[in-house]
Amino acid sequence: MSQGKRPTNTAHFTPAVKRKRESDEWQEKYVPHFEEELPAQPTIEKTRWRRPSLDKELGITKNIACQVLDVETFHEPGSASSVDRTNVKLYGITKEGNSVCVIVHNYFPHFYFQAPPGFATEHIQIAQTALCNAIASSMRRGGGGNVQLSGKKNIYFYRGEEKKHPFLMVTGSTNSLNKARAELKNGVNLMGAGLVNVGNLFEANIDAEVKFMAKTGVVGCGWIEIPAKKCKIVPENLKTSRCQMEVTTSVQDLISHDPEGEWADIAPIRTLSLDIECIGRRGVFPEAQEDPIIQIANMVKVEGEAEPFIRNCFVLGTCAPVVGSSIIECVNESVLLEKWAEFIREVDPDIITGYNILNFDLPYILDRAKVLKLPQVAFLGRQKDRGSSVRDAAISSKQMGSRVNKNIDVHGRVIFDVLQVVLRDYKLRSYTLNSVSYHFLSEQKEDVEYNIIPELQKSSAQTRRRLATYCMKDAFLPLKLLDKLMSIINYIEMARVTGVPLNYLLTRGQQIKILSMMLRRCRDSKFFLPVIEVQGGDGESYEGATVIEPVRGFYNEPIATLDFASLYPSIMIAHNLCYTTLMKNPIGVEGQDYIKTPSGQYFATKERRPGLLPGVLEDLLAARKRAKNDLKHEKDEFRKMVLNGRQLALKISANSVYGFTGATVGKLPCLEISQSVTAFGREMIEMTKTEVEKLYKKGAMDGKCPNDAKVIYGDTDSVMVKFGVETVAQAMEIGLHASKEVSKIFTPPIKLEFEKVYFPYLLINKKRYAGLYFTNPDKHDKMDCKGLETVRRDNCPLVAKVLSICLEKLLIDRDENEALNFAKRIIGDLLCNRIDISLLIISKELTKSGDKYQAKQAHVELAARMRKRDPGSAPRLGDRVPYVFIAAAKNVPAYEKAEDPTYVLQNNIPLDTKHYLTNQLAKPLARIFDPILGDRAEKILTEGEHTRMRTVVQSKVGGLAAFTKKSATCLGCKSVLPKDSSSDAVCKHCLPKLPEIYYSRVSTLNDLENQFARMWTECQNCAKTMQDSINCSARDCPIYYMRDKVRNDLTEAQNVMERFGEPRFV
Amino acid sequence: MAKRLITEDVRMETDEGTQKMTFKDDDWTARAPYRNCSAQFHLTEKDKRNAFDRQYHSFYEARIWATKQRILENADRFIGKGKYSFRSMNDIAPLEEVLVIGVIVKRLTQRPGVLKALINEERAAYANYDEEDEPNTDLRCLISDEDYLELESDQQIVKLAGNIKMDDCATGCCEEGDVFTVKQVVWPMQAPQPALSANRPSVNVAFTSGLELTGIINDDIKTISSFQMLSDWLKNDADMVNGNERLQNEVDRLVVLGQSIECRQAHDVYSVVKMLTLTKSEKKTSFQALSALDRLFCGLAEKVQVDVASGLGDPCPSLYPQQPIHRATLPRTAHTAKKVNLVTNPYEFELGGVRFLCTSGENVSDLLRMSLEWTGCDVLENILKWQHIAPTCPDTLDGFPMTHRDALFMESTPHVLICGNQPRAESRWVDLGEGRRCLCICLPKFSQSRMVCTLDLSKLEVNWHMFEHDF
């Protein structure tokens, strides 16, 4: 629903007293009762809901193979004959689409610690007893713990052939391990000779699920198989889950398949998308304590199929039918929620999706269930005895910054919130469902203003039907988005590559992925990972990537770009940079036994010890090459998508390894590695520059180089070279040659690649450039802009638009004058008020109420003003507030000049065009014209001839508006018409020019008419209804303001036309 | 210049039956009596009041309301009275066979849209810029494989499948799921066609369209001189004009069907977007075209009675139904006011007992974009079947936001249906059943073909004449 779509909303306004009264009144008015019209229990058609029935032979004669979607551990209390255990539940789907729950026994989590000096085999028994006692006493009952000696090594540092420190492995249930950790810290009498404190533990801080998966080789969304004879089928009455089948098996019998060949398929996963509607009171964001849910729409789809097979909507009250969807009319909210929860349990979806369901819809439903005392509603998962609850979970990552999300555990199902996916993977202007669908699907939905929801709910079965169609559309769009973005498949592949469960990818940061891969590697090479206490503060910082100082300018000649392919991963591979090869002090001979990195660290060479990280990276890069190769040969579209998802996942994973080592608050920071990596990078960029400029002097390559090559810019992993040639083809030839030659000076697999030529190339500054991108000599691929104001959100759309058109003219048409003239014309238009208002709107999110902001901010002030005007329609917390700057007296601060665009349109308020020119347009435009015009650019743009003419609009409100009186003027010369002929079109003197005057007026009219017709039919097509009025209030929509403006303008133009009189001859 | 019939424009308010005629010269015989029957195409005060505060949905409501009775009449005829059950879409059970009335919507994935144009413009800016990779070079065609039909009725929308191809109303049987299988389509009952009187005057009426003057002399010079030849010929002075023989019977009337001025604002959405953001270029040249037009009409009016219907690009409002070209733009012609008749588009009139329905052709051109198979005359035939002059208005053809009435629904069936500004000249007789026929004519643009069509009222024979000026 519309109010649910704000990405973050945690705080609320709290004018408690006043609202209380409003809400009483509202209770009476807005919650109609349906006891007389509807039966107590709705009759529901359930035929399509069930999953296909089970094969009776499954698990008896046939092996059970299923794709694992969710993993959880649970505690099984010990009995007289057994110890406490931590068992694992795997939830999966078979190829036939049956849901299976596999309970895995005999798995024991573990951690390691280093044995104290002098520890020997004979101490094991003592240690075991001591530890068990310590655990038992703290748990006040018997708890198992098992201690073993282990031959593994600490992953940090290469110590040469130094003597082996024995390590102890402790296994047991999760609970007892936790106790053991605490006890070890306090000291345990391990050797029978007094307490020993053990601080440094290994692998103790890794999730049990990840450890289990690493140990058994199961990857997220991978296939497992349980041999028929090796499992026990749990009879129906003893099942703990709601899966169609529940089996128990021992960890030894579990077969895990690598996602290759037959096991690369994806099971027929059921995805359910949902959306709720609730009634809000005037000006208040709905609160679960008070405001009821009135509708829940659901769409269920099988992965790989085009259309959902279930479309329904649970509605409070009577509702007219919707063809093709089932409407379930519920007599009250409690029935609605209970029936809906039953529906979820029956349909048994694997993935639950929707837009912002994680932070709005699902918590709201669960909270409502609590308020209405409906415990059954919380049982949405596959676990029979565990309901779902909501927790707050903070997540912070370099990639996304920190934010607080809700965390809901729907046991056995994955919550795959589309908003979270989009937030993670895409940078957009706005994240409302509407603008996201516009951006990706070129489709919009009718955005219903929340004010009219109560109206629609209380009116009639027809209006509730309308609400239901909105609600279902809101449930359908997330499914379409997932399809379009191929998110589910890409995430499944990411889970397979990194080995973590699917839900980790959305709820956790980047690190867990690398950690999981490391853990798998460590298992094979007998290393383990230490627990590093997170240090507060920023930690150490180190020098980042380098940029070669750009030689700014507009290059109307081909510029070749040489790129290092997968720079950081290949540096790590080439120089064997790893935790396991890092040396505290150099041992042996430099160059033979160790190397010294440009940043001064020492690492063992490959010959001494091959590193772990280079191994991981080599595998990732090789796997990516394979996937790309397979992709080329694959015919099947669906499998193509899977392979493409995989190669993307592999690329992302490989590139994030470097970041993992540099994350000081991470699980395994190792700044020595990241420092060395960037240092190598810097060195290589410089080396490339020198080498290129040395090799490609004038006359090189048998005279193919007409001039000395010059590196004009270089950044992180690419170098831009001016070879001084004339055509793209020449630049390509030399570029290709250079990439081969220069690669020779680097250690493989570091390789320079030649990818593209920019022609022309506009180099504005560091990380800011634009150019026409060529990969073949004949035709450019695209226009490439980096770091320009084309997507920035704090600018008005006009800036992006003008900038991109100017760049097009500069780069594609190569016409500097035309670009400059265009910019001037736009500035002229701006000052003459000819720019459409929708291009001037800036919007900001209202995140906290006014007094909590430190400085006064335009959108906050405006929201307060709008609340005074009409509390009902004013923006609420979490809303994006759109505003424009209006003209005001001198020295009025900017924040007071912000105004609601709708209000501006209605009252014809003049805009502060100068503000837009100086604060929005001037700087970005000057930047791109600087290289052409020099420093005068800004002055030329803001003070030229074109800025002389200005138009001022007469406001209908405020100022002198109340005192002015309108009198008829001639349409030709604007002179005031005498009273007796005030209804005429023109004055006497303009009469000869009447045809011309009429013609120019009618042209304007025609334009407006065309706009009017196109816009409103566009809205009809968007809302997909011809016979119903459009209630859309999507302020993000590019035509929202245009269509209102055209209405006003057209009415005015039509009135003017009336003054010319009857068209026909009389 | 002596024998001329002067007809008085019958105002829309006048009674349908009355015919007011005045003869200037009593010795004139057998001239055709004329009556303007375009009342329904004039916008009333009620139509215009607060028009642009409306949305388009009431247009469709009016359309259903207007067609309903006539559809039911036809259902009685084709399915049989009492043999069907007419129901609201709200209460039909699966697999039931029912008659529902609604608007068919052809969902075109390639429908031009402001939003699409805007998004394309934005995309062009920074993402994948594909130069000249426009999806469809054949502008005529908007169809693609992903298109489908929907029926909207009583606020319900269903997809249609089965025995159906295009526009207005249908009977269906409700299948399980959300697809409607259409068994039979019932179009509205044909509007009555006035009887064609047996003794029609032996006079000719001429039709032309699409002068498309640009105001740039070099572009217009050929059109203008060809048109002047046409007017010489119409005057019937010489035996032979530019290879066209003198007609046996005199041309009583010339009907100019729109687009006399070149339509600069091409009918695509891209221009809308550009217009929203960029400065409008000056339109001086078009004004030159206007005065050239004024001169041409003025010259013509000395020789023949002229009806000038408006069209896209002409100096008049552009929304369908289009109001006449404004007299203020034709000051010279104003002096011969009574001989130049400024009329609406569409334009319906009766001449010598023959009923004509003309449009400037925008409705047909728009419909042609909906199918690859149709020719102009096919579309005209369909229009007769649908009983609606422009079903795609207001969706893809800009329409005036009507309420309470659908001005484009056919109230009577003409004997001759003509549309202007088509790519090719074409004419055919269409059998309407029960012995009634209708002549469908597509006129090419004069600016491109220099063609004029004449129709002998007594024989109802179509003749084409070409006026190519060789310099």
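Proteins come first, then strands; the chains are lettered A, B, ... in the order of their sequence lines, and each starts at number 1. When reading the values below, keep in mind they use all heavy atoms of this one structure, side chains included, and skip hydrogens, waters and symmetry mates.
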Query raised in the report: Who among A:V1046, A:D1044, A:I1030, A:N1048 has the most heavy-atom pairs with chain B under 4.5 Å?
Result: A:I1030

Query raised in the report: Minimum heavy-atom separation for A:N1021 to B:D395, with atom names?
Result: ND2-OD1, 2.8 Å

Report task. Could you tell me whether a side-chain N or O of B:H326 sits under 3.5 Å from a main-chain N or O of A:F1060, the two making a donor and an acceptor? Result -> yes

Query raised in the report: Is the backbone of B:G313 close enough, under 3.5 Å, to the side chain of A:N1006 for a donor and an acceptor to pair up by distance?
Result: no

**Report entry** salt bridge (Lys or Arg N to Asp or Glu O under 4.0 Å) between B:K48 and A:E1058, worked out
**Finding:** CA-CA 10 Å; B:K48 285 193 223 171; A:E1058 291 292 311; 3.3 Å; yes

Query raised in the report: Can B:F400 and A:F1012 be said to form a ring-ring contact (aromatic ring centres under 6.0 Å, His included), step by step?
Result: CA-CA 10 Å; B:F400 190 85; A:F1012 177 86; 8.7 Å; no

**Report entry** Nearest-0.5 Å distance, OG1 of residue B:T329 to OH of residue A:Y999
**Finding:** 9.5 Å

Query - Test item: A:R1047 side-chain N/O and B:R54 main-chain N/O as donor-acceptor pair under 3.5 Å - result: yes

Query raised in the report: Which heavy atom of A:V1002 sits nearest a heavy atom of B:P315, and at what distance?
Result: CG1-CA, 3.8 Å

Query - B:Q55 portion near chain A, given a 4.5 angstrom heavy-atom threshold - result: both

Requested in this report: Might you point out which heavy atoms bring A:Y998 and B:C316 nearest each other, and give the distance in Å?
Outcome: OH-CA, 4.2 Å

Query raised in the report: Between A:E1009 (side chain) and B:D398 (backbone), is there a donor-acceptor pair under 3.5 Å?
Result: no

**Report entry** Option that, when pairs with chain B are counted at under 4.5 Å, heavy atom only, ranks first among A:A1053, A:S1000, A:G1061
**Finding:** A:G1061

Query raised in the report: Taking C-beta and beyond as the side chain, do A:L994 and B:P331 meet within less than 4.5 Å on heavy atoms?
Result: no

Report summary line: CG of A:L1050 to CG of B:L319, rounded to nearest 0.5 Å, is 7.0 Å

Query raised in the report: Roughly how far apart are B:F52 CZ and A:Q1054 CD, rounded to 0.5 Å?
Result: 4.5 Å

Query raised in the report: Any idea which heavy atoms bring B:P324 and A:P1063 closest together, and the distance?
Result: O-CB, 3.8 Å

Requested in this report: Identify which part of A:T1051 has an atom lying under 4.5 Å from any heavy atom of chain B, answering side chain, backbone, both or neither.
Outcome: both

